[in-house]
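On a predicted model such as this, the values are computed, not experimentally measured, just so you know. Note that these values count all heavy atoms, side chains included, but never hydrogens, waters or copies made by symmetry.
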Amino acid sequence: MSKLDDVLNLAKVKGYFWPSFEIYGGVSGFYTFGPLGAYLQRDIEELWKGIFVKPFGFIEMDSPDLLPYPVLKASGHVDNFKDPMAECRKCGAKYRADHLLKDSGVEVSEGAEPSYLEALLNQNKVKCPKCGGQEWSVKLYLNMFETNIGPYAENKGYLRPETAQGIFVEFNSLYNYNREQLPMGVVQIGKGYRNEISPRQGLIRLREFHMMELELFIDPQEEDAPELPNDQKLRLLHEKARATGEPEELTPLEAYQNGIIKMKWLAYFLYLSKKFLNSLGVPDEKQRFFEKIAGERAHYSAQTFDHEVYIDELGWTEVAGFAYRTDFDLKSHMQASGKEMYAIKRKAVSTKTSVVINREELMKRDNWKELAELKPEVRSDGVYIGNIKLNDKEYRIIQEVEKEEIRKFIPHVIEPSFGLDRLTLVALYFAYGKKEGRNIFSLPKGLLKNVVAVLPLVSKEEFISKAFEVRELLVNEGFDVIFDDKGYIGKRYARLDESGVPFAITIDSKTLEDGTVTVRDRDSWSQDRIKIQDLPKYLREKTNWRL
RNA sequence: GCGGUCGUCGUCCAGCCUGGCAGGACGUCAGCUUCCCAAGCUGAAGAUCGCGGGUUCAAGUCCCGCCGACCGCACCA
């Protein structure tokens with residue numbers, strides 16, 4: 001058995017995830033997350049927000065999974081998210097129509113009509129690779145799940161293939177909430193759905209999957225991005241490097257200055273993503289960024305990098321995609337809906353000097369009422385009202401905006417998009433190991449940070465009731481407690497190691513005497529003796545509770 | 001959808017070639033034991049062998065069909 005097999009098997013046995021609907025034989029492309037899988041996902045989300053969202057004051061939102069036809073028509077998905085499938089009328093074999101034509105030397109442009117493709121196939125007597133038949137029918141295979149909203153068939157809807165569209169259509173409200181400030185980052189964590197023809201590789205390609213998406217709206221003329229680090233390298237298999245197959249190691253700053261990464265924020269996000277994967281336990285040498293070239297990119301993207309992780313059994317595996325979506329989406333929705341979706345920037349182009357009188361000071365003069373009626377005047381040696389020179393405290397000189405330039409524009413979007421299911425698998429894969437013949441998921445301590453086991457050393461009444469007290473204390477502090485009083489202590493520790501639970505708290509005879517317990521560490525197997533009331537603090541320090 | 005491999009307790013597997021009571025290990029549960037790392041003893045539950053049909057006195061085993069999974073092809077914007 002390979003390491004991946006071990007991990008998948010354990011993931012199922014220990015309650016992380018497994019293929020759905022197994023009692024009915026299973027349906028590929030669907031996975032169910034169990035108790036520990038749900039905990040782990042939650043912690044990965046928290047970690048991600050701590051790196052990508054909270055430090056920048058980005059905002060989170062939650063929109064429907066089901067989108068009405070016009071949204072996806074406008075976004076280009078209805079037209080682009082489908083493939084023309086040619087079916088052999090003789091044997092029923094199915095192929096991509098455009099690929100069949102290309103293989104027999106007929107070039108067709110993208111987006112050709114099915115009837116046109118069908119005619120081409122039949123006129124050119126293209127042979128079925130399987131049975132040699134020469135009669136074809138061409139239909140479109142839509143990669144989205146389609147349904148009806150309400151009782152009318154013409155009121156079509158689709159399960160969202162990405163969460164992003166839910167953000168774009170709400171741009172105006174979000175921009176307003178954000179007090180019209182750019183850059184504005186908007187995050188959505190939720191599910192996406194793609195009706196894959198034939199999903200494979202278990203969790204890696206699902207028909208229903210969890211994703212974490214960030215849409216960063218920027219002013220393309222002035223990105224306003226953080227300073228790019230120059231002390232850490234990214235492994236970039238960029239467009240030019242792909243010819244050699246060897247990634248080039250560049251710092252984010254170098255990659256941006258060389259023009260390899262087009263946008264500053266994009267470079268910064270790649271850097272954050274590397275850090276994020278590090279914090280999930282993936283070392284640098286198992287990561288790379290793979291640039292998609294023109295034909296491979298999504299219809300909305302001007303530059304795309306995939307963040308890939310090397311898994312021995314699967315090769316380089318995509319866990320995140322970074323797309324420079326330009327103004328494609330907002331522009332499309334603006335045209336289709338007729339609603340304006342602009343950002344506004346005001347910039348002073350010229351200023352004038354003016355004088356503000358400090359009234360409180362001026363009132364110390366007897367004739368202040370007369371003076372206040374007159375306009376102050378700036379002369380070379382000071383400020384005068386009438387012929388009276390004011391002292392320094394009585395006025396201030398300010399620069400006033402004389403003329404401002406108002407620029408209305410459609411913001412550009414830079415999008416990091418993460419596959420949460422794959423990240424969960426990756427975290428387990430890199431955490432998996434063996435120690436003295438046992439399986440251990442040595443997850444980074446920030447993961448499953450809220451899960452703790454409480455164990456009476458032996459199954460006796462006084463230990464069990466004390467253990468219940470400890471459990472109650474921890475539950476009230478927000479921990480998720482696994483209670484286990486069955487069998488020999490060593491066996492329970494081993495079980496917990498295999499589940500990846502970071503700490504086990506054991507109640508022994510000393511606990512009854514002095515109120516201390518032992519806390520056993522999953523990775524080192526070492527034990528600390530801690531007072532019961534200090535447990536929450538101890539555990540949170542050990543698991544980096546504060547990000 | 002094509003080609004290949006496979007489908008047997010919760011998990012991993014044996015049994016299939018050569019038809020004759022559905023087995024093992026791990027896990028789970030109960031009891032005993034047990035004051036720190038899968039220890040020991042005793043016992044128990046758990047599979048209509050993916051589904052349907054056929055051949056046969058008899059099918060997990062042979063034959064046919066279907067379903068599903070995995071791997072490869074294609075697809076994955």
Sugar-phosphate, base or nothing in reach of A:Ile489, heavy atoms under 4.0 Å: sugar-phosphate

Whole-Å gap separating P (B:rG27) and CG (A:Asp484): 14 Å

Atom-to-atom span, CG of A:Leu455 to C1' of B:rC35 - whole angstrom: 13 Å

Touch class at under 4.0 angstrom, heavy-atom based, for A:Asp497 against every strand present: nothing

Pair assignment for B:rC17, Watson-Crick or G-U wobble, requiring both distances under 3.5 Å: none

Salt bridge A:Arg242-A:Glu291, side-chain N to carboxylate O under 4.0 Å: no

A:Lys510 and A:Glu513: CA distance, side-chain angles, deciding distance, salt bridge (charged side-chain N to carboxylate O under 4.0 Å, His left out) verdict: CA-CA 5 Å; A:Lys510 198 148 183 269; A:Glu513 289 165 22; over 6 Å; no

B:rC62: pairing nucleotide in any strand, Watson-Crick or G-U under 3.5 angstrom: B:rG54

Sugar-phosphate only, base, or nothing, as touched by A:Ser459 at under 4.0 Å among non-hydrogen atoms: base

Between the protein and nucleotides 4-7 of chain B, which nitrogen or oxygen pairs come in under 3.5 angstrom?
none

Pairing of A:Asp79 and A:Lys73 as salt bridge, 4.0 angstrom limit: yes

First of A:Leu457 and A:Leu314 reached from the 5' end of RNA chain B, by closest nucleotide: A:Leu457

Selection from B:rC76, B:rC36, B:rC35 that lies nearest to any side-chain heavy atom of A:Tyr493: B:rC36

Close aromatic pair by centroid cut-off 6.0 Å: A:Phe171 and A:Phe217: yes

Pairing nucleotide - B:rA22, Watson-Crick or G-U, each distance under 3.5 Å: none

Sugar-phosphate, base or nothing in reach of A:Lys510, heavy atoms under 4.0 Å: nothing

Residues in side-chain contact (heavy atoms from CB on, under 4.5 Å) contact with A:Pro220, at least two apart in sequence or another chain: A:Phe409, A:His412

C1'-based separation of B:rA14 from B:rA47 [nearest Å]: 14 Å

Nearest-Å distance for atom pair CG/P, residues A:Asp6 and B:rC13: 11 Å

Gap in Å between the two P atoms, one belonging to B:rC12 and one to B:rU56, rounded: 37 Å

Under-4.0 Å side-chain N/O to phosphate OP1/OP2 contact, A:Lys486 with B:rU28: no

Nucleotide forming a Watson-Crick or wobble pair with B:rC73, both distances under 3.5 Å: B:rG1

Solution key, residues 157-168 of chain A side-chain donor-acceptor pairs under 3.5 Å, sequence neighbours excluded:
{"from": "A:Arg160", "atom 1": "NE", "to": "A:Lys191", "atom 2": "O", "distance (Å)": "2.6"}
{"from": "A:Arg160", "atom 1": "NH1", "to": "A:Ser63", "atom 2": "O", "distance (Å)": "3.2"}
{"from": "A:Arg160", "atom 1": "NH1", "to": "A:Pro64", "atom 2": "O", "distance (Å)": "3.4"}
{"from": "A:Arg160", "atom 1": "NH1", "to": "A:Gln188", "atom 2": "OE1", "distance (Å)": "3.4"}
{"from": "A:Arg160", "atom 1": "NH2", "to": "A:Asp65", "atom 2": "OD1", "distance (Å)": "3.0"}
{"from": "A:Arg160", "atom 1": "NH2", "to": "A:Lys191", "atom 2": "O", "distance (Å)": "3.2"}
{"from": "A:Glu162", "atom 1": "OE1", "to": "A:Arg325", "atom 2": "NH1", "distance (Å)": "2.9"}
{"from": "A:Glu162", "atom 1": "OE2", "to": "A:His77", "atom 2": "NE2", "distance (Å)": "3.4"}
{"from": "A:Glu162", "atom 1": "OE2", "to": "A:Gln165", "atom 2": "NE2", "distance (Å)": "2.9"}
{"from": "A:Glu162", "atom 1": "OE2", "to": "A:Arg325", "atom 2": "NH2", "distance (Å)": "2.9"}
{"from": "A:Thr163", "atom 1": "OG1", "to": "A:Glu213", "atom 2": "OE1", "distance (Å)": "2.4"}
{"from": "A:Gln165", "atom 1": "OE1", "to": "A:His333", "atom 2": "NE2", "distance (Å)": "2.7"}
{"from": "A:Gln165", "atom 1": "NE2", "to": "A:Asp329", "atom 2": "OD1", "distance (Å)": "3.1"}

d(CD, A:Gln527; P, B:rC35) in whole Å: 15 Å

Inter-nucleotide C1' distance (B:rA45, B:rU34), Å rounded: 24 Å

Whole-Å C1' distance, B:rU48 and B:rU5: 27 Å

Between B:rC26 (P) and A:Asn9 (CG): distance, integer Å: 16 Å

A:Thr518, nearest nucleotide to its side chain (from B:rC36, B:rU11, B:rC76): B:rC36

Inter-nucleotide P distance (B:rG46, B:rC35), Å rounded: 34 Å

Integer-rounded Å distance: B:rU11 C1' and A:Phe17 CZ: 16 Å

Close N/O contacts between protein and nucleotides 38-40 of chain B (under 3.5 Å):
{"from": "B:rA38", "atom 1": "N6", "to": "A:Glu498", "atom 2": "OE2", "distance (Å)": "3.3"}
{"from": "B:rA38", "atom 1": "N1", "to": "A:Glu498", "atom 2": "OE1", "distance (Å)": "3.4"}

Watson-Crick or G-U wobble partner of B:rC49, both distances under 3.5 Å: none

Touch class at under 4.0 angstrom, heavy-atom based, for A:Ser301 against every strand present: nothing

A:Lys435 and A:Asp497 ion-paired at < 4.0 Å: no

Ring pair (Phe, Tyr, Trp, His ring centres under 6.0 Å) partners of A:Phe418, counting only residues at least two apart: A:Trp48, A:Phe52, A:Phe276, A:Phe322

Rounded distance in Å between the C1' positions of B:rC32 and B:rC16: 42 Å

Those residues that, when tested against A:His210, pass ring pair (Phe, Tyr, Trp, His ring centres under 6.0 Å) (two or more places apart): A:Phe33

Distance between C1' atoms of B:rA58 and B:rC41 (Å, rounded): 42 Å

Euclidean distance, atom CD1 of residue A:Ile204 to atom P of B:rG72 [Å, nearest integer]: 12 Å

Which residue lies more 5' along RNA chain B, comparing A:Arg529 with A:Arg194 via nearest heavy atoms: A:Arg529

Listed nucleotide nearest any side-chain atom of A:Ser509, set B:rA30, B:rU11, B:rC35: B:rC35

Nearest-Å distance for atom pair NZ/P, residues A:Lys460 and B:rU33: 9 Å

Watson-Crick or G-U wobble partner of B:rC41, both distances under 3.5 Å: B:rG31

Quiz item: cation-pi between A:Lys286 and A:Tyr429, 6.0 Å / 45°: no

Main-chain N/O of A:Leu539 paired with A:Thr543 side-chain donor or acceptor, under 3.5 Å: yes

P atoms of B:rG3 and B:rG65, separation to the nearest Å: 12 Å

Under-4.0 Å salt bridge between A:Glu477 and A:Arg540: yes

Sugar-phosphate, base or nothing in reach of A:Tyr300, heavy atoms under 4.0 Å: nothing

Who pairs with B:rG68 - Watson-Crick or G-U, where each distance is under 3.5 Å: B:rC6

Centroid separation A:Phe441 to A:Tyr16 less than 6.0 Å: yes

